[in-house]
Asks: 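The following block contains the structure, expressed as structure tokens.
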Amino acid sequence: MSGATLRPVLRRVAAGLLVLWIAATAAYLALLAAPGDIVDSIVGEGPDTPEIRAEIMREWGLDRPALVQYLDYLWRLAGGDLGRSYLLQRPVAEVIGEQVGPTFTLAAAAAALGVLLALLAALTTAGPRRPWLRRGVSTVELVLVSTPAFLIGIVLLSVLSFRFGLFPVSGDQGLAALVLPAVTLALPIAGLLAQVLRDSLDRALEEPFVLTARARGVVERVVLLRHVLRHALLPVVTLAGWQFSLLIGSTIIVEQVFGRPGLGQVVLNAVTSGDMPVVLAVVTLSAAVYVAVNTLADLAYLLVDPRLRRS
Amino acid sequence: MAGPLVDVADLHVDFAAPGGRTVAAVRGVDLTVEAGECVAIVGESGSGKSVTARTLVGLAGPTATVRAARLDLAGVDVRGHRPRDWRRIRGRVAGLVLQDALVSLDPLRTVGAEIDEVLRTHDIASRRERPARVTRLLTEVHVPEPELRARQYPHQLSGGLRQRALIASAIAGEPSLLIADEPTTALDVTVQAQVLRLLAERRAAGSALLLISHDLAVVARLADRVLVMRAGEVVEQGPPRQLLHAPRHPYTRQLLDAVPSASSRGRRLATPARLSVECTVPALRRIALPTRTAAADDPVIEADGLVKRYGSREVVRGVSITVGRGETVGLVGESGSGKTTVAQLLFGLLPADAGTVRFAGQPWSGVPERRRRPLRRRLQLISQDPLGSFDPRYRVERIVAENLDRPAGRAQRRDRVAELLDRVGLGPDVLDRHPRQLSGGQRQRVAIARAIACRPALIICDEPVSALDVSVQAHVLDLLADIQAADGTALLFISHDLGVVHHLSDRVLVMHDGAVVEQGPVGDVFTHPRHDYTRSLLAALPTLTAVG
Amino acid sequence: MTVTLPESPGLLAPALTSTPARPARRRGVRPGLVVAGAYLALVLLAAAWPELIAPGDPLAADPLRVLAPPDATHWFGTDHLGRDVWTRVVHGARHSLAIGAAATGIAVTAGVLVGLLAGLAHRLADEALSRSLDALSAFPMLLLALLFIAIVGPGTASLTIAIGIALLPHLARVVRAQTLLVRRAGYVEQAVAFGLSRPRLVLRHVLPNVVGPIPVLAVIGLGDAILAASGLSFLGMGPQPPSPEWGAMLSEGRNYLRVAWWGTILPGVAVTLTVISLTVLGRRLQRRFDGRED
């Protein structure tokens with residue numbers, strides 16, 4: 001990669017870091033905005049004397065100037081220290097670390113499946129061929145996009161697990177337990193992606209270079225895969241971010257439907273008990289992953305579209 | 001081969017339109033192209049010329065229905081060909097070149113990959129031989145540094161190189177017929193001349209050519225035969241010499257009369273249909289334009305030493321320009337010459353980095369917009385894209401009324417707008433129409449009506465007719481001349497089209513690379529150009545008179 | 001402007017990517033639109049006068065008829081407390097619709113203000129606002145809402161505001177993009193020639209053209225809001241029992257899914273049909289707005 005192409009890459013990475021910093025600061029402000037005194041939250045139901053309060057103040061560094069606390073927070077965050085849980089009195093990183101595995105597995109499986117289904121649906125129905133199939137698939141997509149993810153999960157669960165016993169009802173044991181939650185999460189994603197992808201495939205099919213390619217005698221399937229798909233993917237890559245935040249949200253809900261362990265349980269417990277460091281850690285973590293995903297999407301853009309490589 | 005390469009008789013192409021209707025795009029066209037022959041189809045938009053050409057490679061589109069008494073390509077009846085059969089013809093028997101290679105070559109693939117695709121699809125050369133073949137093809141179309149260019153993307157090439165690369169990909173399968181659909185339309189005249197020369201070379205090398213163009217002058221020098229199409233039918237055909245000097249069909253006559261050039265100065269371009277039918281002698285069809293008075297020594301706008309920079313790049317380099325009262329000044333230049341930037345500097349949309357503008361005797365540049373506002377309506381702008389210059393929520397009445405002196409009563413205002421529309425040749429029925437529902441020519445008339453609503457001293461016209469068909473262009477140019485004569489409005493006419501400028505202007509300025517390289521009375525500059533650039537421009541210009 | 005984050009948000013994206021290249025659909029009434037309109041009318045009626053459609057009391061429990069399947073007296077069956085599911089679904093329309101509408105109202109109002117400000121402001125201010133929006137949208141919508149609820153506690157009001165905030169960045173970005181587009185449009189440039197002052201130019205040509213597509217966005221945003229609200233109240237963050245809100249009903253009914261699917265599936269279908277109808281209507285409005293139809 002030459003210097004000229006490196007610059008737009010660096011610019012995008014820098015922009016991502018900037019957004020991350022603003023997000024971290026916002027999370028910090030949210031912590032301050034939380035109702036009740038932080039010391040109260042930590043003390044909880046335990047013994048409460050002025051000495052203990054002072055001890056807590058010192059131990060948690062709350063006696064230092066606000067700016068120092070903020071900088072300290074940023075510094076620790078950069079080092080991967082997400083703070084301590086008020087409730088569990090353990091480092092948040094540890095609490096999350098135990099649960100991030102199943103959630104990540106589920107989200108990754110769902111994302112891969114969703115993209116695959118969307119590609120399949122859009123490629124077979126793009127363009128003026130097969131109008132009936134197209135109408136049918138579009139309707140299915142509309143229903144999937146408009147249905148709450150947990151409802152899809154509940155329907156799948158009651159039909160496939162309760163009625164036919166094909167899949168386990170809950171838990172995270174093995175691949176079989178992953179199938180239904182992953183499908184549940186993948187379906188709305190596939191619906192949305194397929195809609196956008198088909199729209200942009202249709203538009204790319206109208207481009208003059210497609211006519212040129214056909215005029216060379218290229219087979220229609222090759223025209224679609226070699227020329228049209230790459231153009232159509234660009235707007236879809238841009239959607240990756242939104243898809244991702246949709247995915248995180250639905251993962252939390254779907255984990256509840258299927259009784260799976262994971263970040264969903266952690267964050268819901270933290271929300272109901274007011275354990276702000278844990279809530280904020282999960283939120284900040286997903287913001288970080290979001291920024292990473294989007295920066296990668298941007299870089300993918302650069303890879304696919306040579307026109308953007310000039311800064 | 002015995003018969004002609006292309007042999008088409010009674011070709012009909014219908015398109016399925018919304019609501020179950022069908023639109024007949026081609027109605028009974030006969031067309032033959034002999035091996036090695038160059039045939040041109042000329043027509044305005046909607047004439048069916050492109051559809052005819054695309055039907056020959058089976059690419060009229062999914063909603064098209066093709067019927068013909070005979071449709072033979074290289075001696076093979078292609079009626080009822082299935083996609084697989086067509087693929088053997090495309091690129092191998094007939095190659096297709098479209099306009100504007102920036103979008104006709106896949107922008108995400110290298111030029112080399114695009115050319116290679118033809119070789120790969122038709123198994124013309126082995127994987128190892130193909131890179132060398134690509135290089136050779138690029139060399140054949142005179143692309144310098146072919147190895148380097150093959151690795152580049154279309155956007156990295158200049159317009160001329162891109163178009164040549166597109167031609168290289170069309171000839172890679174060594175087709176005996178090359179179909180070129182508006183191959184030079186988006187190009188500057190000098191580049192256009194190079195591409196035409198390249199096409200002539202292909203023909204000399206034995207390839208048959210089918211040229212599709214809206215411009216008679218472009219194809220006249222190259223074609224053995226020209227077909228003139230209108231509304232899906234061929235109205236006249238023959239050798240270019242006959243068509244140009246003794247046109248038999250009134251439509252051909254109208255088309256020829258409508259072309260602005262040096263010889264059309266002082267006369268109307270649009271001839272009434274009745275005259276075209278009755279008079280076969282061109283001189284008798286000429287109607288003089290009204291005379292007008294221009295005062296070059298009484299300037300409406302004076303610009304001195306204008307400079308505009310973007311970053312370190314100077315797009316306008318010390319341009320001085322004056323337009324006198326009632327005068328028409330032409331500003332010609334190719335794309336990227338900075339002529340539109342000059343228009344924006346004069347109009348006051350952009351601040352100049354150096355230089356001054358005075359308008360109507362007042363300082364115009366370097367003063368706050370507040371000070372310019374009282375004079376604003378003395379200076380109007382007409383752009384190439386009238387639709388974009390209309391508020392999308394407005395109907396025609398409101399668009400024009402916005403430039404009227406207010407406040408007038410509602411009914412009175414409507415009458416005034418109707419009057420203005422009448423002056424530009426539009427009936428009161430368009431008052432309540434949306435500009436989207438109007439044709440390109442009608443839209444430009446609305447833009448003109450709006451511009452003259454406040455009786456401006458100067459109208460800056462930035463490529464006002466370049467998006468229009470030649471017969472529509474003729475009407476709009478006549479209209480501008482009429483208005484100028486009646487109102488004494490000065491015009492600054494910016495165009496890439498030397499013919500249009502020659503037809504209309506008193507004085508002309510030639511811009512190149514951000515600077516004015518030559519200026520003077522239009523006759524002097526165009527007949528005795530002093531600057532090399534002007535000379536090359538004029539030499540590249542395809543003209544109707546040059547033939548025969 | 002860098003392209004770190006997508007200009008067009010997901011669910012709103014189909015509404016934004018106007019496709020002039022696509023041929024206009026055929027005219028005339030399409031059955032889908034009629035069905036969607038009729039259903040929405042029914043939901044609105046249920047929200048305004050639920051007694052007209054379901055005269056019973058949504059909270060009235062009949063301990064003798066618990067988890068009864070749908071029949072002639074209980075069209076949608078009964079739930080675990082013997083409450084009539086049909087009555088609860090009808091009465092729940094008001095809750096769900098109110099939450100969705102209020103959240104959309106918050107998001108649209110704030111989004112338009114922020115977006116306009118960013119679009120019209122000086123480059124630096126625009127940059128600051130856009131980056132903040134980027135950061136705000138870096139938080140997944142559901143987590144943002146959960147965070148807000150963690151700070152102020154669960155309940156209908158906090159749920160509504162949380163969803164409003166979560167929808168805000170997308171709307172603001174849409175409005176900003178539209179503002180920039182209009183600001184650079186040929187007709188705004190041209191309006192300088194009419195001698196309009198800047199405030200008048202903004203009022204007459206910029207604002208109306210920016211505001212134009214907002215009803216469309218609001219309709220589609222309403223669907224998103226209802227969807228998000230159902231998810232959050234499913235997690236128990238919204239209206240508390242025994243309120244007949246659709247998401248809350250889903251959450252309650254889930255425990256009896258094995259024996260009484262109707263208590264969960266039927267309220268779910270109500271949500272889904274509402275969102276589908278809003279999407280169909282929104283797209284139709286969008287097409288009309290783009291001038292692709294009529």
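Every chain is numbered from 1, with letters handed out A, B, ... down the list of sequences. Values reported hereafter were calculated over all heavy atoms of this structure, with side chains retained and with hydrogens, waters and symmetry mates removed. Only a predicted model underlies this, so the values are computations on that prediction, with no experimental measurement involved.
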Asks: Measuring from A:Asn294:CG to C:Asp134:CG, what's the distance to the nearest 0.5 Å?
Replies: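 Answer for the CG-CG pair, A:Asn294 versus C:Asp134, is 9.0 Å.
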Asks: Given side chains that start at C-beta, do those of C:Thr272 and A:Pro148 come closer than 4.5 Å, heavy atoms only?
Replies: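 Side-chain contact under 4.5 Å: yes.
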Asks: Would you say the side chain of A:Leu151 lies within less than 4.5 Å of the side chain of C:Val271, judging by non-hydrogen atoms?
Replies: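 SC-SC contact between C:Val271 and A:Leu151 ruled out.
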Asks: Just give me the residue among C:Pro154, C:Pro140, C:Gly32 that pairs up with chain A most often, heavy atom to heavy atom, under 4.5 Å.
Replies: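 Looking at each of C:Pro154, C:Pro140, C:Gly32 in turn, C:Pro140 comes out on top.
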Asks: Calculate, to the nearest 0.5 Å, the distance between atoms CD and CZ belonging to A:Gln256 and C:Arg254 respectively.
Replies: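 Separation between the atoms: 7.0 Å.
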Asks: Do the non-hydrogen side-chain atoms of C:Ser230 and A:Phe150 ever get within less than 4.5 Å of each other?
Replies: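 When only atoms from C-beta onward are counted, A:Phe150 and C:Ser230 do touch, with a gap below 4.5 Å.
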Asks: How many angstroms lie between CG in C:Leu147 and CE in A:Met276, if you round to the nearest 0.5 Å?
Replies: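 These two atoms lie 5.0 Å from each other.
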Asks: Is any side-chain heavy atom of C:Leu142 closer than 4.5 Å to a side-chain heavy atom of A:Ile248?
Replies: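 A side-chain contact under 4.5 Å is absent here.
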Asks: Which atoms form the tightest heavy-atom contact between A:Ala30 and C:Ile151, and what is the distance?
Replies: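 Closest pair (atom of A:Ala30, atom of C:Ile151, distance): O-CD1, 3.8 Å.
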Asks: So C:Thr279 and A:Val145, do their side chains get closer than 4.5 Å, heavy atoms only?
Replies: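 No, side chains not in contact.
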Asks: Using a cut-off of under 4.5 Å for heavy-atom pairs, which of A:Thr139, A:Thr284, A:Val143, A:Val155 has the most such pairs with chain C?
Replies: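 Result: the option with the highest number of such pairs is A:Val143.
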Asks: Return the option, out of A:Thr272, A:Asp275, A:Thr25, A:Leu268, with the maximum number of heavy-atom pairs under 4.5 Å with chain C.
Replies: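 Highest number of pairs under 4.5 Å: A:Leu268.
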Asks: Highest number of heavy-atom pairs under 4.5 Å with chain A: which of C:Ile149, C:Leu144, C:Leu250?
Replies: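 Going by pairs under 4.5 Å, I would pick C:Leu250.
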Asks: Given that the side chain runs from C-beta out, which part of A:Ile253 has a heavy atom under 4.5 Å from chain C: side chain, backbone, both or neither?
Replies: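 Answer is both: backbone and side chain atoms of A:Ile253 are under 4.5 Å from chain C.
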Asks: Any heavy-atom pair between the side chains of A:Ile252 and C:Leu143 that's under 4.5 Å?
Replies: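 Sidechains of A:Ile252 and C:Leu143: in contact.
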Asks: What part of A:Val13 gets within 4.5 angstrom of chain C, counting heavy atoms only: side chain, backbone, both, or neither?
Replies: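 Looking at A:Val13, nothing touches chain C.
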Asks: Using heavy-atom distances under 4.5 Å, tell me whether A:Ile154 contacts chain C through its side chain, its backbone, both, or neither.
Replies: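 Both parts, heavy atoms under 4.5 Å.
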Asks: Please state whether the side chain, the backbone, both or neither of C:Val280 comes within less than 4.5 Å of a heavy atom of chain A.
Replies: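 Looking at C:Val280, just its side chain touches chain A.
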Asks: Compare every heavy atom of A:Ala23 with every heavy atom of C:Phe139, then report the nearest pair and how far apart it is.
Replies: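 The pair with the smallest heavy-atom distance is CZ-O, 3.4 Å.
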Asks: Side chain, backbone, both or neither: which part of A:Ile22 has an atom under 4.5 Å from a heavy atom of chain C?
Replies: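 Both backbone and side chain.
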